Amino acid sequence: MKKLLVLLLILISSLLFGQDGFGDIFDSEIITDKSQNNIILNGEIGFNYKLYLDDAWDSEQIFMPYTNLNLLFASEIFEAKIELNIEGNDLEKELTIGDIVQELSLRTFFSFGYLDLGLFKTEWGKGDGIHVIDPLNPLDQSNGISSDINEMKRSEIMARMNFYLGDSGLLELVYKPYYHPIETDVTGRWMVKDFTGFPSPPDTELPGFSQAALRLTKTTGIFDIGAMYYYGYMTEPGVKFIFTPTPVPSEITFTKAQLFGVEAVWPLGPFPFRSELGYWLTEDHEGAELYLYNDRAVWLAGFDIMIPGTSIFVSIQEFGSYVFNFDTSNPVDMDLAMSYNNNAMTNTVIAAVESSFYHDSMKIRLAGLYLFEANGYMILPTYTWNIEDDLELSVKGQIFGGDDEGSNPYYAWRNNDSVTIGLKYFF
């Protein structure tokens, strides 16, 4: 992956630096030459000060300065994007290209569609900020949960061919040469389970771990609908055990699977309704292997509304899953080990209420999540103030809690309540 990133970075850099007028980029946000080529540089610089609340005034404090840079070169038939993210704390450790480069992509336009190549994030599904049929970018939960799901996504190398279908249809074909599972913290305060003594995972940046997917979307009448298919792997790793006679972890495994999904959003009066439905067909369709995951149904349903005559926005969604051939007789069965309170089903409600005031320069948002099977919850209050068009102050909170059942992350993170003060400047 590092070699591909380096080659792509060299290619994009040669295209960008070969354009006339690049030396003046810091004097103007947009530069247009006679060939109608545009170079756009923007981003933000700021800091976050996080104070944990688990040990009163002796709690851990983190000061995190950061810089995000976005560079776009665009012509009539071509686009190149680079997004860099540098945090002050990262400079204290050994960095890879993937730690800094968030997007490095090329787009070529054709009369029938466009081709995307490189490192980027793709969002599939009709949910509002959360999805159950969005398998292409694994989540990084090594630093906990973010209110923005895209911030938690890991950018992936992929090729995506997009075909126009009439005026309102699109067919996306995706190929990914590498596979990466969900990323969690193995030590520290964001660890959910202790994996001491477990073997290292296998190398998944091999041809045998490549994946493919397609998605068809279209607007017809009041309905915005879609269907998708993914061939690859489940996002969660599994563990194979040997018995001596007690179980000892011997190998980290990944479950081959196919995901079939449909999605839709449609208005009904003032309510936009959202839905997603998917089925994971795994290689352990019969549920015979303990170290592989069984078939699984996933769903999402919800709505949102801007209350008439006010600036109050409300969003409510329920999402969940059901594991088929669920077996509670063996504690090292992966589906049982990853379940909440030995339930084959999970149900989670996520809701948010948001309102702006003071000439829309201030905003208050209260978001929350509740996982029924584990009595797990997360509360995320947020206040933001746009002091100027290019200067924003924010105060964010995080509150976690839940029962000590199964793999409940909200119980594991119960001491991670925090308050974060942030200030950022846009340019």
Side-chain angles (χ1 to χ4, degrees), residues 113 116 121-139 149 153-154 156 158-163 165 168-182 204 208-220 223-238 253-266 273-289 291-302 317-326 334-335 338-339 343-348:
D116 293 320
K121 299 176 183 179
T122 295
E123 184 174 10
W124 284 2
K126 295 296 190 293
D128 182 13
I130 191 75
H131 306 286
V132 296
I133 55 171
D134 187 21
L136 296 177
N137 296 94
L139 297 182
I149 196 70
K153 282 187 173 183
R154 174 174 175 161
E156 292 281 279
M158 64 182 82
R160 181 179 61 192
M161 186 66 219
N162 306 269
F163 295 95
L165 301 177
S168 62
L170 185 68
L171 174 63
E172 303 170 65
L173 303 178
V174 179
Y175 172 74
K176 285 181 57 183
Y178 301 140
Y179 162 76
H180 299 102
I182 188 172
T204 58
F209 285 94
S210 60
Q211 305 136 77
L214 63 87
R215 181 187 187 221
L216 175 64
T217 53
K218 185 174 178 59
T219 300
T220 174
F223 294 93
D224 188 359
I225 58 176
M228 58 81 61
Y229 170 76
Y230 165 79
Y231 178 83
Y233 292 84
M234 302 288 286
T235 57
E236 305 97 336
T253 62
F254 301 102
T255 305
K256 287 184 179 180
Q258 303 172 71
L259 173 61
F260 303 84
V262 292
E263 57 187 272
V265 60
W266 66 96
F273 284 87
R274 307 173 182 276
S275 63
E276 298 177 16
L277 179 64
Y279 188 88
W280 283 96
L281 178 64
T282 77
E283 62 178 305
D284 191 25
H285 177 66
E286 302 297 331
E289 300 292 348
Y291 60 92
L292 299 175
Y293 291 99
N294 299 358
D295 287 8
R296 185 184 308 175
V298 293
W299 62 83
L300 177 146
Q317 297 175 101
E318 195 275 344
F319 62 95
S321 66
Y322 179 80
V323 176
F324 293 89
N325 297 317
F326 190 74
M334 281 299 99
D335 291 294
M338 297 299 290
S339 69
N343 281 293
M345 182 180 291
T346 65
N347 288 279
T348 301

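In this text the structure is predicted, and so the values were computed from the model without any measurement. Basis for what follows: all heavy atoms, side chains included, without hydrogens, waters or symmetry-related copies.
- With rounding to the nearest 0.5 angstrom, the NZ atom of Lys176 is 12.5 Å from the CZ atom of Arg160.
- A side-chain donor-acceptor contact under 3.5 Å links Gln317 to the backbone of Asp128.
- Put simply, NZ on Lys126 and CZ on Arg274 are 9.5 Å apart, with the number rounded to the nearest 0.5 Å.
- The shortest distance between side-chain heavy atoms of Leu139 and Thr235 does not fall below 4.5 Å.
- Here the side chain of Asp335 pairs a donor or acceptor atom with the backbone of Asn294 at under 3.5 angstrom.
- Lys256 and Glu283 are not joined by a salt bridge, as no carboxylate oxygen comes within less than 4.0 angstrom of a charged side-chain nitrogen.
- Around atom OH of Tyr279, more than 12 heavy atoms belonging to other residues, nucleotides or ligands sit under 6.0 Å away.
- With Tyr233 as the fixed residue, the ring pair (Phe, Tyr, Trp, His ring centres under 6.0 Å) test singles out one of Phe209, Tyr178, Phe254: Phe209.
- Here the CG-CD distance, from Leu216 to Glu263, works out to 9.5 Å after rounding to the nearest 0.5 Å.
- Between the CG atom in Asp134 and the CZ atom in Arg215 there is a gap of 8.5 Å [rounded to 0.5 Å].
- Under 4.0 Å is where a charged nitrogen must lie from a carboxylate oxygen, and between Glu156 and Arg154 at least one such pair does.
- Between the side chain of Glu289 and the backbone N or O of Asp284, no donor-acceptor pair lies under 3.5 Å.
- Counting only heavy atoms from C-beta outward, the side chains of Asn347 and Glu318 approach each other to under 4.5 Å.
- Counting heavy atoms from C-beta outward, Trp124 and Thr217 have side chains that stay 4.5 Å or more apart.
- Under the 3.5 Å distance criterion, the side-chain polar atoms of Asn325 are matched with a main-chain donor or acceptor of His285.
- Taking CZ of Arg296 as the start and CZ of Phe324 as the end, the distance is 11.0 Å to the nearest 0.5 Å.
- Lys218 NZ: more than 12 foreign heavy atoms inside a 6.0 Å radius.
- Between Leu292 and Thr282 there is no side-chain heavy-atom pair separated by less than 4.5 Å.
- In this structure, Trp280 and Tyr230 have perpendicular ring planes: the angle between them is above 60°, well past the 30° mark.
- Between the OH atom in Tyr179 and the CD atom in Gln211 there is a gap of 7.5 Å [rounded to 0.5 Å].
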